[in-house]
Amino acid sequence: MIDHLDGAVIPTGFDVPVEPLRRAAHFTGEPGCIAEARAFASLFLEQLRTEWCATIGERTDGAALLVVSELVTNADRHSNGPYILELEGTDEVITVTVYDSSGTLPRIYPRDPERIGCHGLEIVQALARDILVERVPVGKCVRAVLSFGAG
């Protein structure tokens, strides 16, 4: 909150952002895009710490980066073109959304430690509090919501 006194700006406390922090990046699918997406997400988490005073522990930080990696890797492998990573966050949650051009919805397979591959969405499901998968006019959207904990 800010008071104005004879033209002077006097801070009276912490200003809390009203709108969630939002960032989006477009990736072509070229080699290195998954690492770029992780770096983009890492910068986003730092912005949440700074702008929202979010307390994001190492465990949650790692979980968010793993979710980004898994969703972007799936888009990279299964779509026929570029994809978009969209991040939205506050001091309590981060939402990771990936849009790609494939209309085929991902599947969560039954737990099978013998299976090689196809564990991406299973991992995301274990880390996220909510997952939404839906078709959009140009393909699909996969969204995962993670809560920030003290850990």
Side-chain angles (χ1 to χ4, degrees), residues 1 13-151:
M1 184 165 195
F14 291 104
D15 288 333
V16 177
V18 177
E19 292 292 319
L21 182 63
R22 292 183 182 95
R23 299 287 182 267
H26 176 270
F27 298 95
T28 61
E30 297 292 319
C33 283
I34 297 166
E36 288 176 27
R38 284 179 58 89
F40 177 76
S42 187
L43 287 173
F44 181 82
L45 291 167
E46 283 304 315
Q47 283 184 292
L48 279 178
R49 286 180 179 99
T50 303
E51 296 177 27
W52 271 87
C53 300
T55 303
I56 306 169
E58 278 185 49
R59 186 178 187 139
T60 304
D61 190 88
L65 294 178
L66 182 53
V67 167
V68 167
S69 292
E70 291 297 334
L71 295 183
V72 170
T73 296
N74 286 346
D76 193 72
R77 288 186 180 160
H78 301 292
S79 70
N80 299 318
Y83 46 92
I84 297 170
L85 169 62
E86 187 177 87
L87 302 172
E88 181 177 299
T90 66
D91 59 338
E92 296 178 0
V93 299
I94 180 173
T95 302
V96 178
T97 306
V98 176
Y99 296 89
D100 70 45
S101 61
S102 172
T104 304
L105 299 181
R107 292 179 44 202
I108 298 178
Y109 294 91
R111 181 173 288 191
D112 180 1
E114 306 266 329
R115 185 178 65 244
I116 297 173
C118 297
H119 292 282
L121 209 50
E122 185 180 344
I123 292 168
V124 172
Q125 185 179 39
L127 297 171
R129 78 169 194 208
D130 295 307
I131 299 176
L132 171 70
V133 177
E134 63 183 343
R135 284 193 177 89
V136 294
V138 295
K140 72 174 166 296
C141 164
V142 181
R143 178 173 294 124
V145 180
L146 290 87
S147 297
F148 296 141

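Worth knowing before you read on, the calculation uses all heavy atoms, side chains too, and leaves out hydrogens, waters and symmetry mates. Just so you know, residue 1 is the first one in the sequence shown, and it goes up from there.
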- Message: Show the nearest heavy-atom pair for residues T55 and F148, with the distance to one decimal.
- Response: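 Smallest heavy-atom distance, with atoms named: O-CB, 3.9 Å.
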Within-4.5 Å side-chain heavy-atom neighbours: [X] and [Y]:
X    : Y    : value
L87  : V96  : yes
T97  : C141 : yes
P106 : V133 : yes
V145 : I94  : no

- From F40 CZ over to L45 CG, what is the distance, rounded to the nearest 0.5 angstrom?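 So the CZ of F40 and the CG of L45 are separated by 10.5 Å.
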Mind checking side-chain hydrogen bond (donor to acceptor under 3.5 Å, both in side chains) for [X] and listing every partner two or more places apart, or none if nothing turns up?
X   : value
R49 : E46, D61
D76 : Y83
S79 : none
R77 : none

- Do side-chain atoms of S42 reach the backbone of R38 as a donor and acceptor pair under 3.5 angstrom?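 Checked: no pair found.
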- With sequence neighbours left out, which residue pairs that include part of residues 129-141 fulfil the side-chain hydrogen bond (donor to acceptor under 3.5 Å, both in side chains) condition?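 Counting only pairs at least two positions apart or across chains, the side-chain hydrogen bond (donor to acceptor under 3.5 Å, both in side chains) contacts touching residues 129-141 are D100-K140, R129-S147.
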- Hey, could you give me each pair passing salt bridge (charged side-chain N to carboxylate O under 4.0 Å, His left out) that has a residue in residues 20-33? Not counting sequence neighbours.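 Applying salt bridge (charged side-chain N to carboxylate O under 4.0 Å, His left out) to every pair that reaches into residues 20-33, excluding sequence neighbours, yields E19-R22, R22-E88.
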